[in-house]
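Let me begin by presenting the structure, written as structure tokens, before commenting on it.
Chain letters run A, B, ... following the sequence lines, proteins first, then strands; residues in each count from 1. Only heavy atoms go into these numbers, but all of them, side chains included; no hydrogens, no water, no symmetry mates.
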Number of protein chains: 2
Amino acid sequence: MIDAETRLDEHPDDHKDETRLWLRLLTCATMIESEIRSRLRRDFGVTLPRFDLMAQLEKAPDGLTLGALSRRMMVSNGNVTGLVQSLLRDGMVERIAQPTDRRTTSVRLTEAGHASFAAMAAAHGAWLGAMFARVPAPDRAALMATLAALKTSVRADVKEP
Amino acid sequence: MIDAETRLDEHPDDHKDETRLWLRLLTCATMIESEIRSRLRRDFGVTLPRFDLMAQLEKAPDGLTLGALSRRMMVSNGNVTGLVQSLLRDGMVERIAQPTDRRTTSVRLTEAGHASFAAMAAAHGAWLGAMFARVPAPDRAALMATLAALKTSVRADVKEP
DNA sequence: CGCTGATTCTTTAAGCTTGAAAGAAAGCCG
DNA sequence: CGGCTTTCTTTCAAGCTTAAAGAATCAGCG
């Protein structure tokens, strides 16, 4: 039993540590996301998914295809279809005719969309600044680096069968 | 303009750093959550919210009220009602008569629920172990600590007007 | 040219989620 | 005791989300 117990000390099979770490990460993300969601609704009458979509378009002045939006937002294709349709109704985004490939339809922010997003982005940044305020600057830098490593680690595991 | 520029160097008003940090945290959480969601569906035919609810009950052998479940899972009350109803139909949980307070209804895992959850939890732990495998152990410890600080920081900001 | 397969978007059904409102039950207090 | 507040659960509408299936287009190839 020495082998089993020795391995247990250093590489426990129950993965309790990883599970706790994951739950803590999830708790932080959920807390922040819930708070941002409710503030966006309260102060701007907008849902979080629509804000996220507009944020992607803000970073791409030439517009994005629905597929590109789907990949960047890490949501399904059909999801993006519905979000774009509702943003079209509200006049926040517009479609761009695509002569080269008629399967794709690109989308970009309208003037109204840019203006609306600018106001929300300012508040959004201020909220995050306040939420992170009590985390020391060096810890933030370390967090940024470790999360990059985690992203790489997860991606490697997902890609391998 | 010296004041403004000086302040900009040390406390930029756009909160770009905090926003990037938040987006990276969100990306990690979303990647892991999506992967776990699809594996739970593929291997066990169960949805992530139901797994989460069963995980809470597993940690509370005496059962939990719906309100306690709602707070621990950080979701709305009505959400828990629906999840419990569908788990009741599947025989995974059972209600406990509560003589002291007839407003509350406690819920706990059935035998079938315990057995079903045990199999899923083992796989769940193994998945997380693999996803975190490429993150060095010291970094994990630091991550754990910094996330605790972040949790405190966010909670403090949320509670204050 | 026509065929085949891949890509892209849309649609559909089922389930999840919130926020708000309603109802039931308990506790408090004059 | 009666009224008030709080707590807990449920219901409801609107919107989000996924997975899977379908439709349209493109690209390559015989």
Side-chain angles (χ1 to χ4, degrees), chain A residues 26 29-54 56 63-90 92-93 95-107, chain B residues 26 29-31 33-54 63-90 92-93 95-107:
Chain A
L26 182 59
T30 303
M31 283 176 61
I32 297 174
E33 188 171 0
S34 299
E35 190 64 20
I36 290 179
R37 181 195 311 277
S38 79
R39 290 186 190 179
L40 280 175
R41 172 184 300 271
R42 184 194 61 194
D43 293 353
F44 299 100
V46 76
T47 64
L48 181 54
R50 292 186 206 192
F51 174 81
D52 287 342
L53 197 153
M54 292 174 75
Q56 293 297 334
L64 290 172
T65 67
L66 297 200
L69 276 170
S70 167
R71 282 186 295 276
R72 297 189 191 202
M73 297 174 68
M74 294 192 286
V75 299
S76 63
N77 281 344
N79 194 341
V80 172
T81 297
L83 288 173
V84 165
Q85 284 171 352
S86 86
L87 285 170
L88 278 169
R89 279 195 292 275
D90 293 348
M92 295 291 109
V93 306
R95 289 182 186 275
I96 311 173
Q98 211 73 358
T100 62
D101 186 340
R102 275 181 300 179
R103 291 170 305 179
T104 71
T105 54
S106 277
V107 187
Chain B
L26 182 59
T30 303
M31 283 176 60
E33 189 171 359
S34 299
E35 190 64 19
I36 290 178
R37 181 196 310 278
S38 78
R39 291 186 189 178
L40 280 175
R41 171 185 299 271
R42 184 195 61 192
D43 295 352
F44 299 99
V46 75
T47 63
L48 181 55
R50 291 186 206 192
F51 174 82
D52 287 343
L53 197 153
M54 292 174 76
L64 289 173
T65 66
L66 297 200
L69 277 170
S70 167
R71 281 186 296 274
R72 298 190 189 199
M73 297 174 67
M74 294 193 286
V75 299
S76 63
N77 281 346
N79 194 343
V80 172
T81 297
L83 288 173
V84 165
Q85 283 170 352
S86 85
L87 285 171
L88 278 170
R89 278 194 293 274
D90 293 349
M92 296 291 109
V93 306
R95 289 181 184 276
I96 310 172
Q98 211 73 359
T100 62
D101 187 339
R102 275 180 301 178
R103 293 170 303 177
T104 72
T105 54
S106 278
V107 188

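- Counting only residues at least two apart or in different chains, salt bridge (Lys or Arg N to Asp or Glu O under 4.0 Å) contacts with residues 29-38 of chain A comprise A/E33-A/R37, A/E35-A/R39.
- Rounded to the nearest 0.5 angstrom, A/R95 CZ and A/T105 OG1 are separated by 4.5 Å.
- Nucleic acid contact class of A/Q98 (heavy atoms, under 4.0 Å, all strands): none.
- Comparing A/Q85 and A/S38, the nucleotide of DNA chain C nearest to each residue sits closer to the 5' end for A/Q85.
- Among the heavy atoms of the strands, none lies under 4.0 Å from A/R42.
- Applying the ring pair (Phe, Tyr, Trp, His ring centres under 6.0 Å) test to every pair with at least one member in residues 69-90 of chain A, sequence neighbours left out, gives no pairs at all.
- As judged by a 4.0 angstrom heavy-atom cut-off over every strand, A/R41 is placed among residues touching the sugar-phosphate backbone only.
- In this structure, A/T81 reaches the bases: a heavy-atom distance under 4.0 Å links it to at least one base atom across the strands shown.
- Among all heavy-atom pairs drawn from B/L66 and B/V107, the shortest one is CD2-CG2, 3.6 Å.
- B/G67 comes within 4.0 angstrom of sugar-phosphate atoms only, judged by non-hydrogen atoms across all strands, and of no base.
- Sorted by first then second residue, the side-chain hydrogen bond (donor to acceptor under 3.5 Å, both in side chains) pairs that include residues 71-85 of chain A, not counting sequence neighbours, are A/S70-A/N77.
- Atoms CG and CD1, on A/L48 and A/I36 in that order, are 7.0 Å from each other to the nearest 0.5 Å.
- For the pair A/R102 and A/G78, both in contact range of DNA chain D, the more 5′-proximal nearest nucleotide belongs to A/G78.
- If A/R37 and A/N77 are placed on DNA chain C by their nearest nucleotide, the residue sitting closer to the 5' end is A/N77.
- Judged purely by atom type and a 3.5 angstrom limit, A/S34 has no side-chain atom pairing as donor or acceptor with the backbone of A/M31.
- In this structure, A/R50 and A/D101 both approach DNA chain D, and ranking their closest nucleotides by distance from the 5' end singles out A/R50.
- The outermost nucleotides of DNA chain C lying under 4.0 Å from heavy atoms of chain A, listed 5' to 3', are C/dT7 to C/dG19.
- The salt bridge (Lys or Arg N to Asp or Glu O under 4.0 Å) contacts involving residues 40-51 of chain A comprise A/R50-A/D90, where partners must be two or more places apart or lie in separate chains.
- Distance CG/B/L87 to OG1/B/T47: 7.5 Å, rounded to 0.5 Å.
- Across all strands, A/N79 comes closer than 4.0 Å to base atoms (heavy-atom distances).
- At the heavy-atom level, A/T104 lies under 4.0 Å from the strands shown only through sugar-phosphate atoms.
- Nucleic acid contact for A/S86: none, since no nucleic acid atom lies under 4.0 Å from a heavy atom of the residue.
- Nucleic acid contact class of B/T47 (heavy atoms, under 4.0 Å, all strands): sugar-phosphate only.
- Contact footprint of chain A on DNA chain D: nucleotides with an atom under 4.0 Å from a non-hydrogen protein atom, first to last in 5' to 3' order, D/dC16 to D/dC26.
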